[in-house]
Amino acid sequence: MTVTLAPATIDTHTPHPSTPPAPTVRRRRWRPGLLAAGAYLILLVVAAVWPTALAPGDPLAADPLGVLEAPSAAHWLGTDHLGRDVWTRVVHGAGHSLTIGLAATAIAVTGGVLLGLLAGLTHRLADETLSRAFDAISAFPILLLALLFIAVAGPGTVSLIIAIGVATLPHHARVVRGQTLLVRRAAYVEQAVTFGLSRPRLVARHVLPNVIGPVPVLAVIGLGEAIMIAAGLSFLGMGPQPPSPEWGAMLSEGRNYLQVAWWITVLPGVAVTATVVALTVVGRHWQARFDGRQR
């Protein structure tokens, strides 16, 4: 019996070496909300630093013949109950509100960093005492704490700044304390202690630079919160007093004319809201980039 074998098939095709995949090019996505927030903040800074570039008039100039005029070409945002131009007052009020917010945030950040470092670097008893104090202060609403402080110290711009700064300080202190507890256990810090580096130089060169990373992000978000609280307290008569063109004071002055001249109150309120939203959007974006969740 004859068996016929089929000839073997030889694959003469030579495989090409595998080529690495082309690198993926990340395209930066345009975020209209972020761009709008940034543009508004730039406009806000211009209004605070150079208000006459946007509104060359006098925010305190009254015109008895032009009382409660609606928005028009002569007065973009109308006039108030004393005939003062609302647009001019809103623009010039940006400097007052931004100054109060920046000063209060500076107090909160400076005190928070110092107390947070102290709590994270000292003995357990001092740490526990400061931590319980932070928790106790944080348990109360910020607006209530500020009201209590102003009730003791008296109304005014300086009291308003200190009250907001002290009321918002514990949040920054708790974040810095947590970062300090992580950094003090790091290998490079223990090695620096082994080499005999003094405590002040250790804190200045190794601890502080690695602790304050999230602080600017919190400061940007906290600035919007401080401006909002300042406007609320000024509305209650605890901040700058009339005729100051501060946004909260303008809200308080115009609340009695809502039915006949809504623009006196609504437009300063829009300025406060837009400022808080813009700062929050920029702060959240910065926080996402800091955490590595966004490129």
Side chains of P243 and R84, heavy atoms from C-beta outward: is any pair under 4.5 Å?
yes
With the 4.5 Å side-chain cut-off for hydrophobic clustering, are V175 and L208 part of the same group?
no
I'd like to know if the side chain of T88 and the backbone of G57 have a donor-acceptor N/O pair within less than 3.5 Å.
no
Please check this pair: side chain of W76 against backbone of P71, looking for a donor-acceptor N/O pair closer than 3.5 Å.
no
Pair L34-V281, side chain to side chain contact (heavy atoms under 4.5 Å, CB included): steps then yes or no:
CA-CA 6 Å; L34 181 62; V281 169; 4.2 Å; yes
Considering all heavy atoms, the nearest W87-L54 contact
NE1-O, 3.2 Å
Rounded at 0.5 Å granularity, tell me how far OG1 in T105 sits from CD1 in I221.
11.5 Å
Tell me whether L181 is reachable from I212 by hopping between hydrophobic residues (I, L, V, M, F, W, Y) whose side-chain heavy atoms are closer than 4.5 Å.
no
First locate atom CD1 of I229, then atom OG of S234, and finally report the distance between them rounded to the nearest 0.5 Å.
11.5 Å
For the residue pair L251 and F235, establish whether any side-chain heavy-atom pair is separated by less than 4.5 Å.
yes
Shortest non-hydrogen separation from E246 to S97 and the atoms involved
OE2-OG, 3.4 Å
Under the salt bridge (Lys or Arg N to Asp or Glu O under 4.0 Å) rule, collect the residues that match up with D135, sequence neighbours excluded.
R132, R174
Within a strict 4.5 Å, meaning less than it, do heavy atoms of the L41 and L279 side chains meet?
yes
I need the minimum non-hydrogen distance between L169 and G111, along with the two atoms involved.
CD1-CA, 3.6 Å
State plainly whether one hydrophobic cluster holds both I227 and I164, where clusters connect Ile, Leu, Val, Met, Phe, Trp and Tyr through side-chain heavy atoms under 4.5 angstrom apart.
no
With heavy-atom distances below 4.5 Å as the criterion, would you say the side chains of L218 and H171 are in contact?
yes
Shared ILVMFWY cluster between I100 and M238, side chains joined below 4.5 angstrom?
yes
Check the pair W286 / V217 against side chain to side chain contact (heavy atoms under 4.5 Å, CB included), numbers first and verdict last.
CA-CA 6 Å; W286 195 1; V217 178; 4.1 Å; yes
T265 side-chain N/O to G254 backbone N/O, donor-acceptor pair under 3.5 Å:
yes
To the nearest 0.5 Å, atom CD of Q241 lies from atom OG of S252 at 9.0 Å
Taking the side chain as everything from C-beta on, heavy atoms only, tell me whether V277 gets closer than 4.5 Å to Y40.
no
What donor-acceptor contacts under 3.5 angstrom involve side-chain atoms of residues 136-161, with partners at least two apart or in another chain?
residue	atom	partner	partner atom	Å
S138	OG	F134	O	2.8
S159	OG	G154	O	2.8

Heavy atoms, side chains only, cut-off 4.5 Å: are L117 and R177 in contact?
no
Linked, directly or transitively: V211 and V113 (ILVMFWY side chains, under 4.5 Å):
yes
Once you round to the nearest 0.5 Å, how far does CG of N256 lie from CD1 of I264?
10.0 Å
Is there side-chain contact between E225 and V276, with heavy atoms separated by less than 4.5 Å?
no
Take L114 and L118, measure what side chain to side chain contact (heavy atoms under 4.5 Å, CB included) needs, and give me the verdict at the end.
CA-CA 6 Å; L114 294 177; L118 182 63; over 6 Å; no
Smallest separation among heavy atoms of D127 and T122, with atom names:
N-OG1, 4.0 Å
Correct closest heavy-atom pair for L60 and R89 would be CD2-NH1, 3.9 Å
Would you call W247 and T275 a side-chain contact if the rule is heavy atoms closer than 4.5 Å?
yes
Could you go step by step and tell me if M250 and V90 meet the side chain to side chain contact (heavy atoms under 4.5 Å, CB included) rule?
CA-CA 8 Å; M250 293 178 64; V90 169; 3.8 Å; yes
So which heavy atom on H81 is nearest to which on V67, and how close?
O-CG1, 3.2 Å
Distance (rounded to the nearest 0.5 Å) between D80 CG and D85 CG
9.0 Å
Separation between OG1 (T99) and NE2 (H96), nearest 0.5 Å, reads 8.0 Å
